[in-house]
Every structure is written in C-alpha cells, then in structure tokens.
K.L.:
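Structure provided below as structure tokens; questions to follow.
When a ligand or atom number is given, it counts from 1 through the structure's own listing order.
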Amino acid sequence: MRILLIGPPGAGKGTQAVHLAAHLSIPHVSTGDLFSEHIGRGTELGQNAHTHINAGALVPHEVTIGVIGERLARPDTEHGFLLDGFPRNVAQAQVLDGILADSKLGLDAVLDLEIPEGQVIRRIAGRRLCRQDREHIFRVDYGPPEVAGVCDLCGAEVYQREDDREATVRKRLEVYRNETAPVVNHYRAQGLVTTISAHGQVHKVLHRALDAIGQGGADAADTAS
Ligand code: AMP
C-alpha cells in the first residue's frame, strides 16, 4: 500500500506512522527523520535544514525533493510506503504525483489526522524523543519513560525537540494552515482522503486509521499495546 499521513504538529502523526507501518509491513518514510539523520551526521544538507527547522519553517523545496527522491528510489519502497511529513505543500504533492505517475503507480489512501488547534500546544509541550531513535516517542503526561530522561527501549537520552518550543510551534501551525492544509484538498479532489480524529489513546486512533484503509481487525490494537 502507498499511504500518506497528514496532520498538524501535535496530532500524533509520528506515533501513528510507526504503528501503521509496522502493522502494514511497509517502510515508514519521514522527511523529518531524514533531515534529522543528516543533522546528526553533520552534513551540509543537515546544517541547512536545521536552520529552517528551528525557525518552524519548511526546508527549501529543492533540498526536500532531493532527500525524498533518493529515499523513494530505494528498493524497500517497491511494494509500498507510509509517507509521514511529505508532501507538506502543493508543489511537493505535484512532485510526488509525478514520481508515482512515472512508475505508473498511485496512492491508495491519504489519512488526514484532525486535532483542535487548542490542544496542539499542550500536546507538543509534553512530547519527548529519544536522542538515538526518533521513533521512540514519550509523553510526560501519560506514557513517560520509566526512568526520567532515559529511553525505555534503548537507554539513550530522552529530550525535547528544539522546534517543540511554544513560539516555534505557533509558527509551524501557521505553516500548516497556509501550506499543508491545501494538500488535503489537492488529494480530496482525487477522492483519496479520509479525515480521522486524532483525539484519544494511541490504539484508538490506530483503529480508526486501519478501518479507514480497510485493514481494521481484531489484532489491530496489538501493534500499539
Ligand atoms: P516533522 O518531524 O515531520 O515534524 O518535521 C520536522 C521539521 O522538518 C518540520 O517542521 C520542517 O521544518 C521540516 N520538514 C519535514 N518535512 C518537510 C517537508 N516535506 N518539506 C519541508 N520541510 C519539512
């Protein structure tokens, strides 16, 4: 399956993406994670991306297209992928449509995670990530690591993303409203979008997502337990 996951910051997109990809046995492709890897390796691309990310802005078009083009060309995406954080504006959506059309492929679904803006700041303020693996996500309010500041899964440091500070989150929300929300309309016109409430526990949101793509089932919650 080829699936896009779209949603404002704080909707729990990254968490859902990890569970969905595992459940569907497809690679989780996140532009945020790809940039983060570059930043960690200290590449020139990473340094450039870091400046934009910390300002709550989008990384420039050519840089983003280069990174995602290279990722989608790897063989593990041949039988499907779950895209998280791309496309983030209509120009990127058009590039993705072109890549898929060149391979005579199409998207199966676009999942649009919905959360009231009022909840975003509170949710993001409580988010913590593992320094070693951004897929290890914790919440200080519910789902904190067992030992404060230490990842339950690999023992690395747990930290708050610099771009999760309130002023930056407000900027990211504005970018979402102006640039990313139109991507939902772009795919709505193609009949691909299902909007899902991101409210509630992780396994409940996962059930909604799996139902929306016709993959709901008794074992669906196991993935998120
Ligand atoms: P995320 O982990 O998806 O929240 O992404 C973190 C940051 O990386 C975003 O706030 C953007 O600054 C940048 N970023 C991620 N994906 C994209 C994209 N498709 N286009 C431009 N910038 C992106």
Side-chain angles (χ1 to χ4, degrees), residues 3-21 27-41 43 45-72 77 81-100 107 110-113 115 117 120-121 123-139 158-184 186-187 198:
I3 300 173
L4 304 190
L5 195 56
I6 300 183
K13 205 162 35 75
T15 304
Q16 291 301 326
V18 171
H19 290 306
L20 276 170
H28 168 209
V29 175
S30 151
T31 35
D33 289 355
L34 292 169
F35 291 137
S36 182
E37 277 169 30
H38 272 277
I39 293 167
R41 296 208 315 269
T43 67
L45 189 154
Q47 284 167 14
N48 179 6
H50 205 187
T51 317
H52 298 280
I53 292 170
N54 281 351
L58 293 185
V59 174
H61 187 75
E62 295 306 325
V63 178
T64 305
I65 294 306
V67 162
I68 198 74
E70 188 273 328
R71 180 65 187 88
L72 292 181
T77 63
F81 51 73
L82 183 115
L83 274 185
D84 158 17
F86 182 91
R88 253 181 160 97
N89 59 27
V90 172
Q92 292 180 5
Q94 286 164 345
V95 170
L96 176 66
D97 293 352
I99 293 174
L100 291 171
L107 293 171
V110 175
L111 299 177
D112 165 38
L113 283 182
I115 176 179
E117 276 200 15
V120 165
I121 303 282
R123 274 207 188 195
I124 289 194
R127 174 160 73 181
R128 299 291 182 272
L129 300 184
C130 168
R131 190 70 76 185
Q132 193 143 296
D133 187 336
R134 277 185 19 136
E135 291 196 353
H136 302 164
I137 302 168
F138 301 91
R139 307 219 159 261
V158 166
Y159 76 111
Q160 183 172 32
R161 271 169 58 165
E162 275 180 58
D163 60 333
D164 278 354
R165 285 169 307 190
E166 185 171 334
T168 314
V169 172
R170 291 196 187 280
K171 170 71 183 159
R172 286 163 63 199
L173 269 173
E174 187 189 318
V175 169
Y176 181 82
R177 244 182 270 124
N178 295 336
E179 302 214 35
T180 311
V183 175
V184 177
H186 173 88
Y187 287 113

K.L.:
Taking only heavy atoms of R161 into account, list the atoms of ligand 1 that are under 4.0 Å away from them.
P.N.:
1 (P), 2 (O), 4 (O), 6 (C)

K.L.:
May I ask you to decide if D163's main-chain N or O and R172's side chain share a donor-acceptor pair within less than 3.5 Å?
P.N.:
yes

K.L.:
Given L34, L129, I53, which has its nearest heavy atom closest to atom 13 (C) of ligand 1?
P.N.:
I53

K.L.:
Where do K13 and L113 come nearest, in terms of heavy atoms and distance?
P.N.:
CA-CD1, 3.9 Å

K.L.:
So, regarding P87 and ligand 1 (criterion: nitrogen or oxygen to nitrogen or oxygen, under 3.5 Å), is there a contact or not?
P.N.:
no

K.L.:
Compute the shortest N/O to N/O distance between S30 and ligand 1 and return yes if it is under 3.5 Å, no if not.
P.N.:
no

K.L.:
Which ligand 1 atoms, with their elements, are less than 4.0 angstrom from a heavy-atom of R172?
P.N.:
4 (O), 10 (O)

K.L.:
Donor-acceptor check, side chain of T180 to backbone of N89, threshold 3.5 angstrom: yes or no?
P.N.:
no

K.L.:
With distance as the sole criterion, is a donor-acceptor pair present between the side chains of Y159 and D164 under 3.5 Å?
P.N.:
no

K.L.:
Using every non-hydrogen atom in the two residues, find where Y176 and I6 come nearest and quote the distance to one decimal.
P.N.:
OH-CG2, 3.8 Å

K.L.:
Between K171, H50, Q92, R88, flag the one that comes closest to atom 1 (P) of ligand 1 by a heavy atom.
P.N.:
R88

K.L.:
Looking only at protein heavy atoms, identify the closest one to atom 11 (C) of ligand 1 and say how far it is in Å.
P.N.:
A57 O, 3.6 Å

K.L.:
Pairing donors with acceptors under 3.5 angstrom, does anything connect the side chains of Q92 and H61?
P.N.:
no

K.L.:
In this structure, does ligand 1 have an atom that sits under 4.0 Å from one of the heavy atoms of H61?
P.N.:
no

K.L.:
Do the side chains of R134 and E37 get close enough for a salt bridge, i.e. N-O under 4.0 angstrom?
P.N.:
no

K.L.:
Consider every N or O of R134 and every N or O of ligand 1, then say whether any pair is closer than 3.5 Å.
P.N.:
yes

K.L.:
Closest non-hydrogen protein atom to atom 23 (C) of ligand 1, residue and atom name please, with distance?
P.N.:
F35 CE1, 3.6 Å

K.L.:
Is the shortest distance from a Lys or Arg side-chain nitrogen in R170 or E166 to a carboxylate oxygen in the other one below 4.0 Å?
P.N.:
yes

K.L.:
So for ligand 1, is V59 a polar contact partner (N or O within less than 3.5 Å, distance only)?
P.N.:
yes

K.L.:
Does T64 approach ligand 1 within less than 4.0 angstrom via side chain, backbone, both or neither, non-hydrogen atoms only?
P.N.:
side chain

K.L.:
Specify side chain, backbone, both or neither for P9, according to which of its non-hydrogen atoms lie closer than 4.0 Å to ligand 1.
P.N.:
neither

K.L.:
With respect to T31, determine whether any N or O atom, backbone or side chain, lies less than 3.5 Å from an N or O atom of ligand 1.
P.N.:
yes

K.L.:
With a 4.0 Å heavy-atom cut-off (strictly under), which part of E179 contacts ligand 1: side chain, backbone, both or neither?
P.N.:
neither

K.L.:
Look up atom CD1 in I39 and atom CD in E162, then write down how far apart they are to the nearest 0.5 Å.
P.N.:
9.0 Å

K.L.:
Answer yes or no: is there a donor N or O on one side and an acceptor on the other, between the side chain of R123 and the main chain of V120, under 3.5 Å?
P.N.:
no

